[in-house]
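Here's the structure, in structure tokens; my notes come after.
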Amino acid sequence: MRITTEFGCQGEANNDPDNQKAARAFIMEPDMRPNKLPRLTFRTRLLLITILPLLAVSALSWLVISFQADRLIQAELATVEKRILAARQAEIRNYISLAQTSIRHLYDAEPAGQEAAQAEVMQILHDMTFGDDGYFFVYDNDGNSLVHPRLPELVGENWWDLQDPNGDYVIRNLIKAAQDGGGFHRYIWNKPTTGQAAEKLGYADYLPKWGWMFGTGLYLDDIENEITILRAQTEENVNQTAIILFALTFIAVLMVSAMLFAIRLSEERFADSKLKDLTRRIVNVQEEERKRVSTELHDGISQLLVGARYSLDLAHAQAPADPPAHPVSRDGAEEMREATASTSPRALIAKSMRVLENAISEVRRISKDLRPSVLDDLGLAAAIQNLCNDFADQTRLQVAVTATPVGPSLPDGAKTALYRVLQESLTNIAKHAEASRVSVALKRQDGILIMRIRDNGKGLPSKLRNSGSGSTASASADTGLGIRNMMERVESYGGRLAIGPADFEGVTCGTEIYITMPLDLTREDIRTDTNLQPTTPPIREAA
């Protein structure tokens, strides 16, 4: 079976699901196709290559520090706990030793009998307290409470089966530890000062002759508080270390970003400088080529045409005169005679002279457009005056010109740049401005040459109104090519160009091009008079 696709091609039907899926993807609408991920710029890739390893090392360092700090905290807390516990055990042994010394003579001698000795021993142990929660307790072998100064309600009761919240048989284990020669036992017991259950470290000693277990202990909740405080302090130190590490990482990232930005800015400035130098060289080469072609046209082709014009003029003078006119005859002989006269040598020479004269004018115009000789011979001010005169004659607009001679304080290249900017501006005014008045001013002021070009036309389009900010770097992408070329010409000689609305007699309208360019005053005597002095009278209103 053969099928025809929407592309008009025929082929074998393919029931392969993968091929059908691929075909559907191929004929998918363009806006339905998955968007490709944008490619990263070189700057972004450079930032990622530089910063990501730094962030990775910082994160890895933090993990290592956190792990090691946790191990250190656990080891330190265990050491502190052992040290405090050993101190408490020594303290408890001292209390037991003191109690043994206090009752040893009664237990060994029983001077008034066993019962009297036991009663006196119980009283001594009942009265021996220390601190807020330190006391001695006494139990017999069956778990009956004999002495308990803090909880007297326990005395006389059997607590053999008493268990703490952890399921530990407290009294049994204390009696066993005592019978084994005395020892420590940890359990949960009610703390008298707080009324809350707390962990306690007890020590039990045995009086085998009477079958008694007596002992004392210290509560360990203060140890837990100390360990909790120590843990919090250590964790705070670790957190401060992490904050410092993150701060250093952030500072390092900022420094790397700043360095990359500085490098990129330096490269951009270097590239911009090289581009400006290249632009200046290209413009200079272009101007030199224009000057050469203009000179060739003026001194070569124009002179040849002028010579040919003189030769034709001489031939025209020496050519025989045309036959005199005769009355018109009925048979049309006169019409034929006039046709013959129009093709006579004298008439043909006159016609050739007119054509040659037009050719000479056109060559001179082209030569002047390529490179005005007045710019090289008389200077910038005279060239501006001459250009504005020609512009007024061609467009029939009112053009007012005031120009101060520049002298040698401005390089020839800068003069050419200003002339070309004015030429481009006048061309734009003629083509787009729909203006009736134009003003051109050139003056020196405080070591700066200022040229201002104004018209009262309709102004720039909206997308170009904010484009002329004085720098090609700040000009928008929508800036016209002509405006950018003018900016580049001016900037290549250290000047600035700004474009904005013009002001004619207090009315804001049209466009103003404001150009400033530094002067090299070391090449001439500084003149203090910077008022506008026209080189020639302003152009009168065109008829």
Side-chain angles (χ1 to χ4, degrees), residues 286-399 401 415-416 419-420 422-431 438 440 535-543:
Q286 184 182 23
E287 291 296 335
E288 290 295 329
E289 184 65 18
R290 285 185 174 186
K291 185 177 180 180
R292 186 188 66 81
V293 175
S294 176
T295 303
E296 291 292 336
L297 289 175
H298 183 272
D299 298 340
I301 298 178
S302 179
Q303 297 301 324
L304 292 176
L305 292 176
V306 170
R309 171 71 172 77
Y310 288 154
S311 299
L312 288 175
D313 192 13
L314 181 61
H316 183 270
Q318 296 177 356
D322 293 334
H326 297 279
V328 179
S329 60
R330 295 182 180 179
D331 57 359
E334 181 60 27
E335 288 79 358
M336 183 174 295
R337 187 178 295 109
E338 290 180 356
T340 303
S342 63
T343 59
S344 65
R346 193 178 186 88
L348 292 175
I349 292 174
K351 182 177 180 182
S352 299
M353 290 173 60
R354 289 193 298 271
V355 172
L356 191 58
E357 189 68 33
N358 292 334
I360 293 173
S361 299
E362 186 67 16
V363 169
R364 288 176 176 174
R365 183 191 65 79
I366 295 174
S367 175
K368 186 177 181 180
D369 290 341
L370 288 174
R371 179 70 181 184
S373 59
V374 66
L375 182 62
D376 298 323
D377 299 336
L378 301 179
L380 179 61
I384 289 176
Q385 185 72 54
N386 185 265
L387 178 62
C388 291
N389 287 335
D390 292 343
F391 178 75
D393 293 338
Q394 294 173 5
T395 61
R396 316 302 293 175
L397 298 179
Q398 300 180 38
V399 182
V401 183
K415 295 178 182 178
T416 304
Y419 182 85
R420 295 302 183 190
L422 176 60
Q423 194 175 39
E424 180 72 19
S425 301
L426 294 178
T427 302
N428 291 336
I429 292 173
K431 289 183 178 180
V438 179
V440 179
T535 57
T536 57
I539 300 175
R540 297 179 180 179
E541 180 178 354

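Predicted model only: the values in this text are computed from it and were never measured.
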(message) Closer than 3.5 angstrom, by distance alone: can the side chain of Asn386 be matched with the main-chain N or O of Ala382 as a donor-acceptor pair?
(response)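 Not a single qualifying donor-acceptor pair exists.
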(message) Holding to side-chain hydrogen bond (donor to acceptor under 3.5 Å, both in side chains), I want the full list of residues that pass it with Asn428, two or more places apart in sequence or in another chain.
(response)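 Checked Asn428 against side-chain hydrogen bond (donor to acceptor under 3.5 Å, both in side chains); zero matches.
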Just how far is it from atom [atom1] of [X] to atom [atom2] of [Y], taken to the nearest 0.5 Å?
X: Glu424; Y: Ile429; atom1: CD; atom2: CD1; result: 11.0 Å
X: Leu356; Y: Ile360; atom1: CG; atom2: CD1; result: 4.5 Å
X: Ile384; Y: Leu422; atom1: CD1; atom2: CG; result: 5.5 Å

Taking all non-hydrogen atoms of both residues, which atom of [X] and which atom of [Y] are closest, and how far apart?
X: Val399; Y: Cys388; result: CG1-CB, 3.9 Å
X: Phe391; Y: Leu426; result: CE1-O, 3.3 Å
X: Leu375; Y: Leu380; result: CD1-CA, 3.8 Å

(request) With sequence neighbours excluded, give me every side chain to side chain donor-acceptor pair (under 3.5 Å) pair touching residues 347-356. (result)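 Listed once each, the pairs would be none.
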